[in-house]
Amino acid sequence: MKEKFNKPYNPKETEERIYQMWQDGGYFNPDTSIKEGYTKPDAKPFTIIMPPTNANGSLHAGHGLVMTIEDIMVRYKRMRGYRTLWLPGLDHAGFETQVVYEKKLEKEGRTRFDIEPKKLYEEILDFTLTNSSNIKSQIKKMGASCDWSREKFTLDEDVVKVVYGTFKKLSDDGLLYRGKRIVSWCSKHQTAFSDLEIKDEERVEPFYFLKYGPFVIGTSRPETKFGDKYVVMHPDDTRYSAYKHGQKIELEWINGPITATIIKDEAIDMAFGTGVMTITPWHDPVDFAIAERHGLDKEQVIDDHGKLLPIAGEFAGIHIKKARPLIIEKLQSKGLVDKVDEAYKHVVRTCYKCGTVIEPQIRSQWFVKMKPLADNVLEKIKAKDGINYIPEHYEKITIHWLENIMDWNISRQIVWGIPIPAKICTNCGSGFVDLENKMTTCPHKDADGVCGATLVKDNDTFDTWFSSSQWPFAALGFPNSEDFKNYYPTDVMETAGEIIFFWVTRMLMLGLYMTGKLPFSTVYLHGLVLDAKGQKMSKSKGNVINPLDLTEKYGTDAFRIGLIVGNTPGTSLALSENKISAYKNFANKLWNISRFILADTAGPAGDVKLEPISFDPHFKAWTEQDALRVKELHALAKEITKEMDEFKFYIVAEKMYHYAWHELADKIIEESKAILSGSDDVARLSRRQFLLLALITILKSLHPFMPFVTEEIWSALPMEKKIRLIAESWVA
RNA sequence: GCGCGAUUAGCUCAGUUGGUAGAGCAAUCCAUUUACACUGGAAAGGUCGGGGGUUCAAGUCCCUCAUCGCGCACCA
């Protein structure tokens, strides 16, 4: 009996020491585990690639959940004898990090546009590396048993090389194109986005009916209308059958007389407004499509900063926000406003990060043709071939998204990211993938021959999701490394349900495309971690719970199991401090159960001195009562093993909690007091062996959930040939 | 508009192939130098959102409605 059991369990004295012991002992590394004999050399691999952590801040509650769930999976499989690899990584997190850094600059009174790009890149790199050491120590605090010797960073040279290889292959296979297309542009962040970075927001705004020659057109955005010289109506609309396609009409418009052309197009909804609209192809995707169909001119009206261009005449240089009322005023004075619907409810597309209204702009960007990639994955999913979603309904959501997929704009106009290895022609605007940086003149051919103009480097960077979507194979050293051969495809991808499209589904597409295999066979998605009232945590609400405060206060084990019990996959989780503190009590309960069982003396008065015994794994001389207990315990072990395999961690944690506290402690130990202090030596030995067996079973099965306290108690168990609990075999 | 969820005890949620409703927390009462007060014991608490159907039997399967949440696409 060690003296430490005389005091309540103290996580602070334990956790750091034990983590260090595990790490120094090589338990997290499958190679050393084989070398030390903890894992058989021919053991089947089990691999989880950790979602690369954004290195731009500190650990939040969501990370706490990721680390806990994945560590449970990994520790369980390790104990089951798998050659287990959990590969940690850090994400440069392109745009996300740049936004964080820009806020920092803002506080310092600087802006990114004042800093030379190269210098800015270095500043952000420095910032990221500084933060990353912080993040890593926090991941360790969570008890994550990942293999730090294999840690990767999304900007590592070999990772970038893989990303470039993918870019090239997409180009060679005709799945990459660069073209002038409508992109979603944020005028604050000065970059284009993919369709996923856009957040729809419902707004109520005025809707203006304007007199456009003989027509009345409706718009919620009068500031885009300066260049509108095409008026479009449905070919079947009898109200306008007098007007013919291509017919020119003269009319008075905002800044004077213009000539407009009639266009008939079936995209027009006859029932909406007056059934007539003018188009602004540069700033609207629908209008762009109409213009493309009919070969119409496209003119830019709004610049990259949201200000009106000279086409707006007297309004040039004014920001669209300020210009709108002024334009309406002018239209009114010219008698061109027919009427105004003040309460028009519609959806506005905004930047998911800053809420700025997205301005569609025509720009040349790199796009990936997604349909062929999506079709390959769809085939696998629908054939139930090698991919399993937890919870299941994410499969339907994925199918729906894949069936309606849009091409992916992977160019970003930010510094912080992987530079796009391409050249752009200064004359014709064509783009060319150039990994070796060798091309100097434009090889683009058309009817007039080869362009031949000077090429310049593409200054854009990749969408951060383009690189992270290649993470499972890139982090393992695709295509030739031993790790790639040994551990790919991986087993489980565990991440937040929120990023199922951003990341998970794109990993399936690029993984299958590049390696011929889906990168993982199970997708496990967890929900949001909310505050105790079930509200989303946000800095502005001030309800952010820092996981490190909780681990500090209650211990990591209490935090971990508190997150898991009652949290089914996919559903969001209300994190209450109350619950965590309840599991701190549980850690202490385990401590005291152990104290009782391991004590040299036992019985209510402590008056019977017992000889120390060692746990006998082959003990058979059970009393009838204990034989029943053993049977129950084995049945429980079998049940929870099945549930672990089904990823039902919430049930396992709860069952073991219940067994330890309300069976073993409340009933079995209570009834043991009489047996241990009694005179029946046979019964006493049977019971002492049973108590050890029960404790061992509890410690093993709770180890994935509460690794520290279980390992600490384990070290005091009277057993022969004992190894560390982390490397022990599972209960079944 | 299309799609996906949710609705079960005061709160947070389980409930696997249909077989008399479960846990944790909270609240109530009782106990008090017990391995542990970071404690023990007891009792209480639910027409499983409404309606309909299938079935010997429905929280569970089907239809429908309502409310809430999320995603996607949009009409100028």
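In what follows, chains are A, B, ... by sequence order, proteins preceding strands, each numbered from 1.
Within the 3.5 Å criterion, the main-chain N or O of A:A260 finds no donor-acceptor partner in the side chain of A:Q247.
Side chains of A:D195 and A:S184 form no contact here, defined as non-hydrogen atoms less than 4.5 Å apart.
If you check residues 689-697 of chain A against RNA chain B, you find no residue with a heavy atom closer than 4.0 Å.
Taking the six-membered ring wherever Trp is involved, the centroid distance between the rings of A:Y657 and A:F705 does not fall below 6.0 Å. A ring-centre distance under 6.0 Å is not found for A:F367 and A:W408.
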Problem - Contact pattern, 5' to 3', of nucleotides 58-63 of chain B - B, S or - by protein heavy atom under 4.0 Å - result: ------
Problem - Per-nucleotide protein contact string for nucleotides 70-76 of chain B, where B marks a base within reach and S marks sugar-phosphate only (heavy atoms under 4.0 Å, - for neither) - result: -B-SBBB
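Of the candidate nucleotides B:U39, B:C25, B:G41, B:U39 has the atom nearest to the side chain of A:W661. Relative to the side chain of A:F596, the nucleotides B:C25, B:A35, B:G5 differ in distance, and B:A35 lies closest.
Salt bridge status for A:R221 with A:E205: absent, with no side-chain N to carboxylate O gap under 4.0 Å.
For A:S686, the side-chain hydrogen bond (donor to acceptor under 3.5 Å, both in side chains) partners at least two apart in sequence or on another chain are A:D626. For A:H294, the ring pair (Phe, Tyr, Trp, His ring centres under 6.0 Å) partners are A:H245, not counting sequence neighbours. Looking at residues two or more places apart in sequence or on another chain, you find a side-chain hydrogen bond (donor to acceptor under 3.5 Å, both in side chains) between A:E663 and A:K667. Every residue was checked against the side-chain hydrogen bond (donor to acceptor under 3.5 Å, both in side chains) condition with A:W253, not counting sequence neighbours, and none meets it.
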Taking distance alone, no hydrogens or angles, what donor-acceptor pairs closer than 3.5 Å link side-chain atoms of residues 207-218 of chain A to residues at least two apart or in another chain?
| unit_1 | atom_1 | unit_2 | atom_2 | d |
| --- | --- | --- | --- | --- |
| A:Y212 | OH | A:D228 | O | 2.7 |

Review item, side-chain donor-acceptor pairs of residues 580-589 of chain A, under 3.5 Å, at least two apart:
| unit_1 | atom_1 | unit_2 | atom_2 | d |
| --- | --- | --- | --- | --- |
| A:S581 | OG | A:N578 | O | 3.1 |
| A:N588 | OD1 | A:Y9 | N | 3.0 |

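B:G50 and B:C11 have their P atoms separated by 16 Å, given to the nearest Å. Spacing of C1' atoms, B:U60 relative to B:U54, comes out at 14 Å, to the nearest Å. With both ends at atom P, the span from B:U67 to B:U28 equals 37 Å, rounded to whole Å. Between the C1' atoms of B:G51 and B:U12, the separation comes to 29 Å (whole Å).
Summarising the geometry, atom CZ belonging to A:F690 is positioned 4.5 Å from atom CD1 belonging to A:I668; distances are rounded to the nearest 0.5 Å.
In this model, a donor atom of one side chain and an acceptor atom of the other lie less than 3.5 Å apart for A:E197 and A:S194.
Within 4.0 Å (heavy atoms only), A:Y394 reaches no atom of the nucleic acid at all. In this structure, A:I597 reaches neither bases nor backbone, as no heavy-atom distance under 4.0 Å exists between it and the strands shown. Within the 4.0 angstrom heavy-atom criterion, no nucleotide atom of any strand lies near A:A587.
Classification of the A:F193-A:Y352 ring pair by plane angle, with boundaries at 30° and 60°, yields perpendicular. Classified by interplanar angle (parallel below 30°, tilted 30° to 60°, perpendicular above 60°), the ring pair A:Y240/A:Y243 is tilted.
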Please enumerate all protein N or O atoms sitting under 3.5 Å from an N or O of nucleotides 10-18 of chain B, with distances to 0.1 Å.
| unit_1 | atom_1 | unit_2 | atom_2 | d |
| --- | --- | --- | --- | --- |
| B:C13 | O2' | A:G566 | O | 3.3 |
| B:A14 | OP1 | A:T568 | OG1 | 2.4 |
| B:G15 | OP1 | A:Y650 | OH | 3.3 |

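Stem regions for RNA chain B, each three or more consecutive Watson-Crick or G-U pairs with both distances under 3.5 Å and listed by first number, read B:1-7 with B:66-72, B:10-13 with B:22-25, B:28-31 with B:39-42, B:49-53 with B:61-65.
Listed by first and then second residue, the salt bridge (Lys or Arg N to Asp or Glu O under 4.0 Å) pairs involving residues 271-297 of chain A are A:K229-A:D297, A:D265-A:R293, A:E292-A:K298 (not counting sequence neighbours).
The shortest distance between the side-chain N/O atoms of A:K673 and the OP1/OP2 oxygens of B:A35 is below 4.0 Å. The side chain of A:K667 places no N or O atom within less than 4.0 Å of a non-bridging phosphate oxygen (OP1 or OP2) of B:G41.
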